[in-house]
2 protein chains.
Amino acid sequence: MVTITDVARAAGVSPSTVSYVLSGKRTISLETRRRVQQSIRRLGYQPNARARALASSRTHVIALVVPFRVDLNVPVVMQFVAAMVGAARAYDHDLLLLTKDEGSAGLRRVIGSAIADALIVMDVEAAEPRIPVLASLRRPVVLVGVPDQPQGLTCVDLDFVAAGAATVNHLADLGHRRIALLGPSPAVYERGTSYAGRFLRGFTEAVAARGLHAVSHPCVPSYDGVRVSLHQTLDADPSITAIVTHNEAVLGPLLSEVRHRGLDVPRDISVVAVCPDDMAKAQSVALTSLAIPAAELGRLAVDMTMRQLDGPAPAEIRLLSPRLTQRHSTARPRP
Amino acid sequence: MVTITDVARAAGVSPSTVSYVLSGKRTISLETRRRVQQSIRRLGYQPNARARALASSRTHVIALVVPFRVDLNVPVVMQFVAAMVGAARAYDHDLLLLTKDEGSAGLRRVIGSAIADALIVMDVEAAEPRIPVLASLRRPVVLVGVPDQPQGLTCVDLDFVAAGAATVNHLADLGHRRIALLGPSPAVYERGTSYAGRFLRGFTEAVAARGLHAVSHPCVPSYDGVRVSLHQTLDADPSITAIVTHNEAVLGPLLSEVRHRGLDVPRDISVVAVCPDDMAKAQSVALTSLAIPAAELGRLAVDMTMRQLDGPAPAEIRLLSPRLTQRHSTARPRP
DNA sequence: TTGAAAGCGGTACCAG
DNA sequence: CTGGTACCGCTTTCAA
């Protein structure tokens with residue numbers, strides 16, 4: 001293994017000089033720098049991250065708590081993670097994978113034993129039990145999602161309250177009066193996942209504000225689940241003219257089932273989906289959708305983490321404004 | 001921060017004794033051990049992973065190259081990763097996330113700078129370009145997938161050749177004579193992804209061996225893609241009585257489209273899916289499936305990595321035998 | 001502009 | 001059974 005001392009010897013300088021050439025924290029004469037860089041290349045020197053971490057108390061690693069749940073929408077989670085890895089690499093950092101299974105103990109472990117410098121936590125619950133631990137770690141933390149009591153922790157998320165309202169307003173503007181909301185699977189609500197409740201609140205408030213009528217049900221993401229939900233909604237109230245889905249996993253089954261019932265989208269029924277844009281476009285009917293900007297949120301989460309690593313940054317709650325794109329699944333209801 | 005020296009002082013012993021209590025590499029009197037453990041608890045001591053890594057040249061981190069591609073089946077990848085994180089934790093190791101984007105340079109980086117002790121590589125191609133680098137690293141490496149020239153690297157995967165044959169044999173046993181294979185998306189073939197070609201080979205060989213007739217097409221995982229594929233198969237040859245899909249992402253669209261054509265599964269057409277069991281069960285018709293044992297493969301990959309970390313282990317190529325479960329999507333063809 | 005050397009916090013060898 | 005101490009490889013302060 002090539003060490004900094006080997007490089008120093010080869011270049012005829014001291015180890016500290018090599019270190020400074022690498023970090024740029026000291027001005028080095030052009031001549032010396034050349035020689036050092038040449039030796040580094042010739043020897044194929046790669047600084048030892050462990051030694052560097054020990055000496056500088058910076059691991060350049062961010063721990064990421066990923067929700068490996070089946071009931072959560074997997075492709076969306078993947079988009080998040082992919083964006084974060086990319087963003088972290090751009091800052092010359094790596095991501096360490098943590099699961100929710102390890103719970104608070106896992107968070108304490110990676111920070112306490114200095115495996116990682118900071119934490120990004122996904123799948124945040126409204127009554128998030130990990131908050132006390134997170135706050136006690138005194139390390140940079142970014143939550144993807146907004147708990148009811150953030151306790152001074154930094155959060156980033158889509159503004160789901162505004163998102164809920166946006167879907168309603170779009171439909172109300174088109175003239176719909178009676179609409180149905182198919183929400184996430186019951187497990188998501190039971191767990192108190194933060195975004196589920198916030199979306200529902202925005203939805204409900206807008207329904208009231210616009211004087212509409214609405215029903216909402218959680219929805220199990222399967223054909224059977226969708227059949228049940230449609231029974232609870234369309235069958236129970238045939239005057240419903242529009243469906244909002246806040247559950248990416250039901251899109252396929254829903255459209256399939258609706259078509260099976262002989263209904264045309266959007267002629268007989270309008271559909272608004274809350275999902276990433278690419279997903280909305282890939283359906284049998286290009287869906288009017290409220291975008292989940294997973295990539296942007298992921299990048300932001302990393303940015304905010306880095307800012308905290310650079311120095312004390314004020315806690316903030318960053319909510320991205322929703323963006324609704326009309327495609328071919330919404331239209332005026334038939335008279 | 002509490003260090004090993006603090007603990008030693010509190011317990012009235014030397015740092016090395018504390019270290020040995022922790023590692024168990026030396027017999028310590030019960031009395032001393034008690035005192036030390038008590039001090040550890042009282043002070044809330046957590047060993048510093050960086051220092052430990054530097055001194056022991058073991059980071060307890062395994063780098064995992066995850067394919068963040070949309071054309072790959074995302075839920076399956078997630079199942080893999082989840083299983084690996086769990087398995088790694090059971091060995092007191094963590095997983096570092098790497099993307100294929102970084103290519104060979106990324107592999108060289110994490111090993112060269114001693115960020116990780118070993119590598120697990122997913123999304124292996126038949127003509128895998130990273131093999132020379134991987135071999136040159138002289139570190140434990142496990143490939144999930146089998147390249148054409150493994151060059152002494154350890155691999156683990158489902159036996160896709162046998163899997164292809166198993167799907168054919170099941171259908172042949174039921175009496176089907178003309179079948180269609182809907183494969184992965186064209187991008188997967190173009191990339192030369194290892195499993196795609198192997199499955200196709202096993203499928204084709206079995207078709208010949210059983211004297212059947214078959215057509216196969218890649219399939220874009222969308223409604224349009226499925227429509228095109230069905231046009232190329234069922235429409236081109238109406239005597240086809242069974243479909244094999246080696247593409248988890250088309251299951252929903254396929255069943256929906258088939259139903260839309262007024263065909264009943266399995267009365268009019270049999271369907272065999274290559275996908276994880278839970279996915280097969282979640283479809284509108286419980287599918288006869290050839291299981292992709294993602295969790296088991298993930299666990300195995302970690303096991304094999306750990307074995308290599310324990311000492312020089314002979315290279316091996318471990319192929320899991322396929323398991324086909326008949327559910328409600330296959331039956332004898334109508335006379 | 002550069003060098004020497006004291007850490008960073010453990011591990012493990014050499015003694016006793 | 002336990003202690004002392006020389007590293008592990010890099011960063012950074014102190015001196016020149």
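These values consider heavy atoms only, across backbone and side chains, with no hydrogens, waters or symmetry-generated copies. Chain identifiers are assigned alphabetically (A, B, ...) following the order of the sequence lines, protein sequences preceding nucleic acid strands; residue numbering begins at 1 within each chain.
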(request) Kindly indicate whether a cation-pi arrangement holds for A:Arg198 with A:Phe160, taking the cut-offs as under 6.0 Å to the six-membered ring centre and within 45° of the axis. (result) no

(message) Can you say whether a donor on the side chain of A:Arg26 sits under 3.5 Å from an acceptor on the base of D:dT12, or the other way round?
(response) no

(message) In this structure, how many angstroms lie between the P atom of D:dC1 and the CZ atom of B:Arg35, rounded?
(response) 15 Å

(request) Using atom CG of B:Asn48 as one end and atom P of D:dC8 as the other, report the distance to the nearest whole Å. (result) 18 Å

(request) Measure from CD1 on B:Ile4 to C1' on C:dG9 and round the result to the nearest Å. (result) 8 Å

(request) Starting from C1' on C:dG3, measure out to CD1 on A:Ile28 and report it in whole angstrom. (result) 11 Å

(message) Quiz question: going by heavy-atom distance under 3.5 Å, is there a donor-acceptor pair between the base of D:dG4 and the side chain of B:Ser16?
(response) yes

(message) With nearest nucleotide decided by heavy atoms, which residue, B:Leu30 or B:Pro15, maps closer to the 5′ end of DNA chain D?
(response) B:Leu30

(message) To check you understand the geometry: which heavy-atom pair defines the closest contact between A:Thr154 and A:Ala315, and what is its length?
(response) OG1-CA, 3.7 Å

(request) Could you state the atom-to-atom distance from CD of A:Glu31 to P of C:dT2 in whole Å? (result) 9 Å

(request) Please determine, for the side chain of B:Ser29, which listed nucleotide (C:dT11, D:dT2, D:dT11) has the closest atom? (result) D:dT2

(message) I need the minimum non-hydrogen distance between A:Leu98 and A:Gly106, along with the two atoms involved.
(response) CD2-O, 4.2 Å

(message) Between P on C:dT1 and CZ on A:Arg34, what's the gap in Å once rounded to a whole number?
(response) 15 Å

(message) Does C:dA12 have OP1 or OP2 under 4.0 Å away from a side-chain N or O of B:Lys25?
(response) yes

(request) Could you please name the option among C:dG9, D:dG3, D:dC10 that lies closest to any side-chain atom of B:Val13? (result) D:dG3

(request) Could you tell me whether the phosphate oxygens of D:dC10, OP1 or OP2, come under 4.0 Å of any side-chain nitrogen or oxygen in A:Ser19? (result) no

(request) Determine the sole option in A:Arg191, A:Lys100, A:Arg130 for which the side chain to side chain donor-acceptor pair (under 3.5 Å) test with A:Glu125 is passed. (result) A:Lys100

(message) At 4.0 Å (heavy atoms only), tell me whether A:Leu22 reaches a base, stays on the sugar-phosphate, or touches nothing.
(response) nothing

(request) Can you tell me the distance, in whole Å, between the CZ atom of B:Arg58 and the P atom of D:dG9? (result) 16 Å

(message) Within a 6.0 Å radius of atom CZ on A:Arg58, are there more than 12 heavy atoms belonging to other residues, nucleotides or ligands?
(response) yes

(message) Let me spell it out: for each of B:Thr27 and A:Pro47, pick the nucleotide of DNA chain D with the closest heavy atom. Which residue's pick is nearer the 5' end?
(response) B:Thr27

(message) Heavy atoms from C-beta onward define the side chain here; which of D:dT11, D:dT2, C:dT2 lies closest to that of A:Ser56?
(response) D:dT11

(request) Looking only at side-chain atoms of B:Tyr45, point me to the closest of C:dG10, C:dT2, D:dC10. (result) C:dG10

(request) Looking only at non-hydrogen atoms, find the nearest pair between B:Arg35 and B:Val13 and report the distance. (result) NH2-CG1, 3.6 Å

(message) Please confirm whether the shortest side-chain N or O distance from A:Thr17 to OP1 or OP2 of C:dT2 is below 4.0 Å.
(response) no

(message) Please determine whether any donor N or O and acceptor N or O are separated by less than 3.5 Å between the side chain of B:Tyr20 and the base of C:dC13.
(response) yes

(message) From C-beta outward on A:Leu54, which listed nucleotide comes closest to its side chain: C:dT2, D:dG9, C:dT1?
(response) D:dG9

(request) Check the distance between D:dC8's P and B:Arg52's CZ and give it to me in whole angstrom. (result) 19 Å

(message) Does C:dT2 have its OP1 or OP2 closer than 4.0 Å to a side-chain nitrogen or oxygen of A:Ser14?
(response) no

